[in-house]
Amino acid sequence: MTIRIYNTLTRKKETFETLEPNKVSIYVCGPTVYAKAHVGHAMSVLVFDIIRRYLEYRGYEVRHVMNYTDVDDKIIQRANIEAVNPFDLAEQYIEEFRQHLNDLNILPATLYPRATEEIEHIIEMIQGLIEKGHAYASGGDVYFFVGSAECYGKLSGRKLEDMQSGYRIDVDDRKETPMDFALWKASKPGEPAWESPWGQGRPGWHIECSAMSYYHLGEQIDIHGGGNDLIFPHHENEIAQTESLTGKPFARYWVHNGMLQLSGEKMSKSLGNLVTIADFLAENDADVLRMLVLNSSYRSPLKFGDETVGHAKRALDRLRMALRPASPGATGAAPEFLEAQIAFTCQGFIDSMDDDFNTAGALGHLFELVRAVNQARDQGVGPEGLAKAQGLLLEFAGVLGLELEHAGGDGRGPGEAAPFVDLLLEVRAELRNQKLWTLSDKVRDRLAELGVIVEDGKEDATWRWK
RNA sequence: GGCGACGUAGCCAAGUGGUAAGGCAGAGGUCUGCAAAACCUUGAUCACGGGUUCGAAUCCCGUCGUCGCCUCCA
């Protein structure tokens with residue numbers, strides 16, 4: 001009964017052991033806020049939300065920190081183009097992202113630090129690195145001296161020699177060696193700037209995460225997460241910075257989610273092939289995206305498209321359908337096979353999730369329970385008989401962050417239309433009694449066009465949003 | 001060119017040494033006035049080629065392919 005996690009650092013699944021018993025510290029790299037967030041960002045956030053929920057389910061007290069990078073070149077560039085204040089621009093997108101987190105049913109992190117609010121800590125950390133000989137100031141900039149970090153490359157599996165011969169690295173006179181990266185950047189007039197020992201400037205990207213993690217979670221943390229596109233250079237550099245300063249291993253487990261792909265390519269802001277979270281949620285229930293993520297393995301690339309989204313939606317519907325009440329008047333007790341399936345699903349769900357958060361496997365066990373519940377219902381098992389199995393389904397779905405009780409394919413509950421739909425169905429029941437099939441079918445078809453699915457049961461008809 | 005991950009039925013996807021979960025789609029059936037939902041039945045020897053082993057999808061080597069990173073990127 002131990003959790004195993006795939007650690008990018010060792011390229012192996014390892015038994016999960018925390019620094020402190022029953023406590024987990026997680027730092028996840030959040031977005032750079034210069035544009036609308038897309039469903040790829042949502043995937044990352046969902047993956048770590050699911051991990052966090054499961055760890056809590058398994059009894060851990062989780063400290064979860066996610067940052068916002070609210071000052072960097074892209075933000076400044078974008079603000080210049082739009083002729084707005086870069087801080088306002090960042091603020092606007094942070095606010096939007098927060099709303100997305102809420103809409104996506106993401107548990108709030110313990111803390112959402114921002115680069116601009118941590119300048120003091122960042123400067124302190126840079127000074128510490130300079131004092132230890134790991135960084136040097138150069139013309140208003142400060143660079144990390146990569147050659148001074150013993151294990152540089154250990155996360156991404158790269159060798160310094162290989163990279164130095166790489167053709168993509170620009171030669172920069174201010175750097176002592178080409179791979180050195182900026183900790184502090186001197187600002188140009190008009191750019192956001194803070195006073196520092198090296199003059200007016202702003203922090204480099206990598207140092208902010210090291211600093212925030214250090215000051216909010218401590219020298220060492222349990223899990224550091226992010227998209228696998230951050231492995232190099234971002235996380236490699238974080239390791240270099242933090243470990244050079246503390247002399248201790250930074251994160252015990254490096255966890256990276258795969259990239260969401262749109263038509264065979266990584267969805268990204270720079271490629272421009274994206275679907276924004278806002279656009280997606282305008283058309284779909286948030287649980288559809290979560291289902292898409294759950295049905296795959298978080299480390300692999302995930303295809304996003306009409307087909308996979310459709311699959312996710314139907315799979316979600318199937319889970320929801322299992323929560324339907326017993327047939328009217330049914331009173332049967334829970335049969336043995338249902339009890340057996342409950343025990344089996346309990347074990348299977350936990351075993352799967354313990355194994356590097358194998359959500360697809362866990363879902364498989366949930367679907368087995370779904371079938372058993374449906375079988376039982378068909379056999380006339382009553383509400384009490386179904387309650388335990390349905391309760392378990394709801395509980396485990398909740399662990400994964402699915403809100404099955406929010407019925408309605410696109411997030412609509414019965415809502416204001418309910419009385420009117422009910423009225424139509426009442427009239428339709430009359431038509432059916434009189435065997436006026438053409439008319440009653442017309443009502444059903446027209447309702448279907450409006451997104452209402454009507455299902456005729458033995459007694460009465462039920463309806464739900466498509 | 002370098003580093004890394006991956007390649008399981010039409011699609012999505014578990015399984016990592018003992019003869020392949022689950023979902024979607026398809027086919028047939030039960031139920032239904034017809035539908036829908038649900039239930040039952042139905043499909044793959046695991047990219048390819050070698051090797052290790054009594055035995056491999058599962059370990060090793062090679063080939064091909066896909067994706068990611070090497071520049072900002074979840």
Side-chain angles (χ1 to χ4, degrees), chain A residues 8 11 13 28-32 34-35 37-48 66 69 72-74 77 153 155-159 161-163 165-170 179 205 225-234 236 256-261 264-271 291-292 294-297 299-303 305 307-308 310-319 321-322 324 327 348 352 355 358-368 370-371 373-375 377-379 432 435-438 440-441 444-445 448 453-458 461-464:
Chain A
T8 306
R11 313 268 170 203
K13 282 185 196 171
V28 180
C29 291
T32 302
Y34 70 94
H38 57 71
V39 285
H41 299 112
M43 175 194 177
S44 186
V45 159
L46 280 164
V47 163
F48 290 100
M66 191 192 85
T69 299
D72 90 330
D73 296 350
K74 291 246 162 144
Q77 195 184 13
L155 180 69
S156 55
R158 288 154 208 259
K159 295 192 188 84
E161 310 88 73
D162 295 341
M163 290 187 282
S165 60
Y167 52 85
R168 293 213 197 186
I169 299 156
D170 295 330
M179 287 305 298
W205 177 38
N228 68 12
D229 55 347
L230 298 182
I231 294 173
F232 189 89
H234 187 51
E236 195 70 73
H256 293 98
N257 64 276
M259 292 293 103
L260 191 72
Q261 300 184 332
E265 258 187 325
K266 178 175 82 160
M267 184 180 288
S268 80
K269 285 184 255 193
S270 20
L271 290 171
M291 199 65 185
L292 189 69
L294 288 169
N295 191 40
S296 67
S297 92
R299 288 191 277 130
S300 305
L302 172 55
K303 283 181 198 160
E307 195 176 3
T308 54
H311 282 172
K313 179 168 167 22
R314 282 187 289 271
L316 183 63
D317 281 342
R318 187 165 162 78
L319 284 181
M321 291 294 197
R324 296 175 139 188
S327 309
S352 289
D355 182 14
N358 179 355
T359 51
L363 270 186
H365 291 288
L366 249 41
F367 280 114
E368 285 168 359
V370 164
R371 185 189 298 124
V373 167
N374 289 334
Q375 281 172 331
R377 188 192 299 100
D378 281 359
Q379 290 174 17
R432 295 187 69 221
K435 300 196 190 300
L436 296 170
W437 306 124
T438 318
S440 72
D441 287 353
R444 188 175 59 197
D445 293 345
I453 296 174
V454 175
E455 296 179 352
D456 295 317
K458 280 214 167 75
T462 57
W463 67 276
R464 62 192 161 91

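In what follows, chains carry the letters A, B, and so on, assigned in the order in which the sequence lines appear, proteins first and then strands, with residues in each chain numbered from 1.
Within the nucleic acid shown, A/Gln261 comes within 4.0 Å of sugar-phosphate atoms alone, with no base atom in reach, counting heavy atoms only. A/Asn257 comes within 4.0 angstrom of a nucleotide base, judged by non-hydrogen atoms across all strands. Nucleic acid contact class of A/Gly157 (heavy atoms, under 4.0 Å, all strands): sugar-phosphate only. Across all strands, A/Gly30 comes closer than 4.0 Å only to sugar-phosphate atoms, never to a base (heavy-atom distances). At a threshold of 4.0 angstrom between heavy atoms, the contacts of A/Ser352 with the nucleic acid are absent. Among the atoms of the strands shown, none is found under 4.0 Å from any heavy atom of A/His256. Within 4.0 Å of A/Leu230, counting heavy atoms only, lie sugar-phosphate atoms of the nucleic acid but no base atom. Residue-level contact check: A/Val454 touches the bases, meaning some heavy atom is under 4.0 Å from a base atom. Within the 4.0 angstrom heavy-atom criterion, base atoms lie near A/Leu260. Across all strands, A/Gly364 comes closer than 4.0 Å to base atoms (heavy-atom distances). Note on A/Thr8: nothing from the nucleic acid sits closer than 4.0 angstrom, heavy atoms only.
For A/Asp441 and B/rG33, a side-chain-to-base donor-acceptor distance below 3.5 Å is present, hydrogens and geometry of angles not being considered. With hydrogens and angles ignored, no donor-acceptor pair under 3.5 angstrom links the side chain of A/Arg299 to the base of B/rC6. The base of B/rC34 lies close enough to the side chain of A/Arg444 for a donor and an acceptor atom to sit less than 3.5 Å apart.
Contact annotation: A/Ser297 reaches the phosphate of B/rA14 (side-chain N/O to OP1 or OP2, under 4.0 Å). The phosphate of B/rC69 has OP1 or OP2 within less than 4.0 Å of a side-chain N or O from A/Lys266. Distances shorter than 4.0 Å separate none of the side-chain N or O atoms of A/Asn228 from OP1 or OP2 on B/rA5.
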Criterion side-chain contact (heavy atoms from CB on, under 4.5 Å) on A/Met43 and A/Leu292, from CA distance to verdict:
CA-CA 9 Å; A/Met43 175 194 177; A/Leu292 189 69; over 6 Å; no

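Pairing partner, B/rA20: none, since no Watson-Crick or wobble contact has both distances short of 3.5 Å. Across all strands shown, B/rC69 forms a Watson-Crick or G-U wobble pair, both distances under 3.5 Å, with B/rG2. The partner of B/rC64 is B/rG7, judged by Watson-Crick or G-U wobble contacts that both fall below 3.5 Å. In a base pair of the Watson-Crick type (N1 to N3 plus N6-O4 or O6-N4) or a G-U wobble (N1-O2 and O6-N3), with each distance short of 3.5 Å, B/rU42 is matched with B/rG26. B/rC59 is paired with B/rG51 under the criterion used here, namely a Watson-Crick or G-U wobble arrangement in which both key atom distances are under 3.5 Å.
Formation of a donor-acceptor pair under 3.5 Å by the A/Glu236 side chain with backbone atoms of A/Leu155 is found in this model. A donor-acceptor pair is defined here as one N or O able to donate and one able to accept, closer than 3.5 Å; such a pair exists between the side chain of A/Thr308 and the backbone of A/Lys303. Formation of a donor-acceptor pair under 3.5 Å by the A/Thr359 side chain with backbone atoms of A/Leu294 is found in this model.
Separating the NE2 atom of A/His41 from the C1' atom of B/rA74 is a distance of 5 Å, rounded to the nearest angstrom. Between the P atom of B/rC70 and the CZ atom of A/Arg158 lies a distance of 7 Å, rounded to the nearest Å. Computed from coordinates, the A/Ile231 CD1 to B/rC72 P distance equals 16 Å when rounded to whole Å. Taking atom CE on A/Met267 and atom C1' on B/rC69, their separation rounds to 19 Å, with Å as the unit. Atoms CG (A/Asn358) and P (B/rA14) sit 7 Å apart, rounded to a whole Å. Whole-Å rounding puts the A/Asp378 CG to B/rA36 C1' distance at 14 Å. The CD-C1' distance, from A/Glu236 to B/rC70, rounds to 12 Å in whole Å. Rounded to an integer number of Å, the gap from A/Lys159 NZ to B/rG1 P is 17 Å.
B/rU63 and B/rG7 have their C1' atoms separated by 13 Å, with the value rounded to a whole Å. With C1' as the reference atom, B/rA9 and B/rA21 are 14 Å apart, rounded to whole Å. Annotation: B/rG43 and B/rA27 have their C1' atoms spaced 10 Å apart (nearest Å). B/rA20 and B/rU16 have their P atoms separated by 14 Å, given to the nearest Å. Going from the C1' atom of B/rC64 to that of B/rG49 covers 10 Å, rounded to whole Å. Separation of the P atoms belonging to B/rC46 and B/rU58 is 9 Å when rounded to the nearest angstrom. Using atom C1' as the reference point in both B/rG23 and B/rU52, the two lie 37 Å apart (nearest Å). Rounded to the nearest Å, the gap between the C1' atom of B/rC6 and that of B/rA57 is 14 Å.
For A/Arg464, the side-chain atoms get nearest to B/rA37 when compared with the rest of B/rA37, B/rA74, B/rC72. Checked against B/rC34, B/rC12, B/rA74, the side chain of A/Thr308 finds its nearest nucleotide in B/rC12. Here the side chain of A/Ile453 is nearest to one of B/rA36, B/rC11, B/rC70, namely B/rA36.
For the pair A/Leu260/A/His38, no side-chain contact is recorded, criterion being any heavy-atom separation below 4.5 Å from C-beta on. Considering only heavy atoms from C-beta on, A/Met291 comes within 4.5 Å of A/Leu363 through its side chain.
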One character per nucleotide, please: for nucleotides 23-32 of chain B, 5' to 3', B when the base has a protein heavy atom closer than 4.0 Å, S when only the sugar-phosphate does, - otherwise.
BBS-------

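Closest-nucleotide positions on RNA chain B for A/Glu368 and A/Gln375 were compared, and the one nearer the 5' end corresponds to A/Glu368. Checking A/Cys29 against A/Arg11, the closest nucleotide of RNA chain B that is more toward the 5' end is the one next to A/Arg11.
Salt bridge annotation for A/Arg444-A/Asp441: present, with a cationic side-chain nitrogen under 4.0 angstrom from a carboxylate oxygen.
No donor-acceptor contact under 3.5 angstrom links the side chains of A/Asn374 and A/Arg371, judged on distance only.
Considering all non-hydrogen atoms of both residues, A/Ser44 and A/Gly227 come closest at OG-N, 4.2 Å. Across all their heavy atoms, A/Met259 and A/Lys266 have their closest contact at SD-CD, 3.3 Å. Taking every heavy atom of both residues into account, A/Arg377 and A/Met321 meet most closely at NH2-O, 3.4 Å.
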